[in-house]
Visitor: 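If you scroll down you'll find the structure; I have some questions about it.
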Amino acid sequence: MASSTLQKMLSLVSLLLLVMLISSDHVSSYSNEETQALLKWKASLQNHNHSSLLSWTLYPNNSTNSSTHLGTATSPCKWYGISCNHAGSVIKINLTDSGLNGTLQDFSFSSFPNLAYVDISMNNLSGPIPPQIGLLSELKYLDLSINQFSGGIPSEIGLLTNLEVLHLVQNQLNGSIPHEIGQLASLYELALYTNQLEGSIPASLGNLSNLASLYLYENQLSGSIPPEMGNLTNLVEIYSDTNNLTGPIPSTFGNLKRLTVLYLFNNSLSGPIPPELGNLKSLQELSLYENNLSGPIPVSLCDLSGLTLLHLYANQLSGPIPQEIGNLKSLVDLELSGNQLNGSIPTSLGNLNKLEILHLRDNQLSGYIPQEIGRLHKLRVLEIDTNQLFGSLPEGICQGGSLVRFAVSDNHLSGPIPKSLKNCRNLTRALFQGNRLTGNISEVVGDCPNLEYIDLSYNSFHGELSHNWGRYPQLQRLEMAGNNITGSIPEDFGISTDLQLLDLSSNHLVGEIPKKMGSLTSLLGLILKDNQLSGSIPPELGSLSTLSI
């Protein structure tokens, strides 16, 4: 019995040794083929001696005679940017930002049956993406971004059915997006932005049920957005802006309940904004500006309580701004300029206590500016110019002191500039021109030390210019044309050395042009026409080398 047991044990040891031997040969075969493939690719690079690839060698760095080290070939698993599995086969190549200069033409894709991760982004690689890339059947992560790859995306990329992340951004890729990408059922991130891709978005993208992030912006994509994209119920982000897309926004987008960002701006989309977008309860940013969208702003958008950014400007939207917009309590940035919106500004805007940016300019809005806007203490930018608004400016319009940019020009406003606005310390830009505002010109602005640009032209301001205008050290543009200003130009107007434009035309100014104006070394434009100035033009103005107007 002992002999029988010993015999079984010897048989088991022999079998184990045989398996180890076969396995060793198998590993050796893998390792050798992958090593040679990497070395061949390295040799094809224009800078194959770059410091990042110094470890890519068969022999130790201290070898003096390669003929004596034929048996000491190093495994690629120890090379820079290379990782292997337990069997010694390459599973990961990470050479991001490694100074590589060359192509993928001599990269033997067929030599890497277990390769799952490739990141060669931020290099200087060029030429086409070889169709043989489809041989990397185990690949899960592929990043070729920020190189100079050109040509089309090979249709063979659809063979990479295990792929989860595909990044090809910031290259020079052209042609259309291959419909075979719709075969990548495991894909959850697709980034193709900043290339020269053209043609339509393939309807097959609607098959990518795991897709969470889609980045197609800054290409030349055209045609309609396929309604099949409404099938992508796991989508969290869509960035398809800055293309040539036409047609409507698909109503099927209302199915994308997990969507937090929808960017479709700077295209040629037309038709109405689908009310179904009001179903996107997770949406935080909606940007549809610079399209040809028409019709009203859907009331359903006002149900998006998590929305922080709403950009609908530069379209052809019409009708009133919904009163329900005051329900968007999370809004920080609301921009509706450059449309055909009419009616009054909703008083409910006063509920948006997180609002920092409000652009309503260049519409057909009428009525009063709501006093409730004075409650928006975080407001930094308020632009409601080029409308048909009348009445006075709200008293508390800079009560919170946060206002930086303010524009109410080209309306029918009357009355004085409110005290809170006169002493708005953070104000850098204030445009009042083209209204019927009144008050003493020397008192319209008080404590605004950061003021860079103010335009008071074509109103009904009166009084004389005071030395106060010389106390704004950062003032670059001062425009007061078309008022009832009297008296002479103070010498102090030569103090503001940053002044680039001074327009005092079409008033009732008398006296001489101050010699000190010759010290306004940054001046580009000086407009004093249509006054009753006298005397000679000071020769000191001849030293203003930048003066062009």
Side-chain angles (χ1 to χ4, degrees), residues 145-146 167-177 189-202 205 211 213-227 229-230 232 235-254 256 259-274 276-277 280 283-298 301 304 307-318 331-341 356-363 381 383 386 405:
S145 302
I146 316 179
H167 289 178
L168 303 178
V169 309
Q170 290 187 42
N171 281 288
Q172 299 168 23
L173 299 172
N174 55 31
S176 59
I177 300 173
E189 191 164 299
L190 176 59
L192 307 177
Y193 64 85
T194 316
N195 280 288
Q196 299 161 23
L197 298 171
E198 55 193 18
S200 58
I201 299 173
L205 288 190
L211 200 64
S213 298
L214 179 61
Y215 304 91
L216 301 178
Y217 64 89
E218 290 179 2
N219 279 289
Q220 298 167 22
L221 299 172
S222 58
S224 298
I225 300 172
M229 286 181 65
L232 305 178
L235 265 180
V236 176
E237 301 172 307
I238 297 179
Y239 294 88
S240 294
D241 56 274
T242 318
N243 280 288
N244 301 314
L245 299 172
T246 56
I249 299 171
S251 60
T252 55
F253 273 24
L256 308 178
L259 206 62
T260 62
V261 177
L262 178 56
Y263 278 12
L264 298 174
F265 63 84
N266 199 12
N267 280 289
S268 298
L269 299 170
S270 58
I273 298 173
E276 289 83 358
L277 295 187
L280 307 181
L283 203 62
Q284 297 172 16
E285 298 184 17
L286 176 60
S287 189
L288 307 177
Y289 71 83
E290 288 188 14
N291 280 287
N292 298 314
L293 299 171
S294 57
I297 298 173
L301 294 187
L304 303 177
L307 206 62
T308 62
L309 180 147
L310 179 58
H311 285 181
L312 303 179
Y313 64 90
N315 279 287
Q316 299 169 24
L317 300 173
S318 57
L331 262 188
V332 174
D333 188 349
L334 174 60
E335 303 189 27
L336 307 178
S337 300
N339 283 288
Q340 298 160 24
L341 299 171
E356 296 180 12
I357 299 173
L358 177 58
H359 286 189
L360 303 177
R361 66 178 308 272
D362 196 14
N363 278 290
V381 179
E383 295 187 355
T386 321
R405 293 167 63 103

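What you see is a predicted model, and the numbers here were worked out from it, not measured in a lab.
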Visitor: Is there a side chain to side chain donor-acceptor pair (under 3.5 Å) between Ser213 and Glu237 once you walk through the steps?
Guide: CA-CA 5 Å; Ser213 298; Glu237 301 172 307; 3.1 Å; yes

Visitor: State the CD1-OG1 distance between Ile225 and Thr246, to the nearest 0.5 angstrom.
Guide: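 OG1 of Thr246 is found 9.0 Å from CD1 of Ile225.
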
Visitor: Any side-chain to backbone donor/acceptor pair from Ser145 onto Val169? Under 3.5 Å, distance only.
Guide: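 Present.
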
Visitor: Can you name the side chain to side chain contact (heavy atoms under 4.5 Å, CB included) partners of Glu276, sequence neighbours left out?
Guide: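 Side chain to side chain contact (heavy atoms under 4.5 Å, CB included) list for Glu276, sorted by chain: Ser251, Pro274, Asn279.
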
Visitor: To the nearest 0.5 Å, tell me how far Leu192 CG sits from Leu221 CG.
Guide: 8.5 Å

Visitor: Within the 3.5 Å criterion, strictly below it, is a donor on Ser318 or Gln340 matched to an acceptor on the partner's side chain?
Guide: no

Visitor: Is it true that the side chains of Gln284 and Thr308 contain a donor and an acceptor less than 3.5 Å apart?
Guide: no

Visitor: What residues, two or more places apart in sequence or in another chain, satisfy ring-ring contact (aromatic ring centres under 6.0 Å, His included) together with Tyr239?
Guide: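 With neighbours one apart ignored, the set is Tyr215, Tyr263.
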
Visitor: With distance as the sole test, does Asn339 use its side chain to make a donor-acceptor pair with the main-chain N or O of Gln316 at under 3.5 Å?
Guide: yes

Visitor: Any side-chain to backbone donor/acceptor pair from Asp241 onto Tyr217? Under 3.5 Å, distance only.
Guide: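 Checked: no pair found.
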
Visitor: Hey, is the main chain of Asn291 close enough, under 3.5 Å, to the side chain of Asn267 for a donor-acceptor pair?
Guide: no

Visitor: With distance as the sole test, does Asp362 use its side chain to make a donor-acceptor pair with the main-chain N or O of Ser337 at under 3.5 Å?
Guide: no

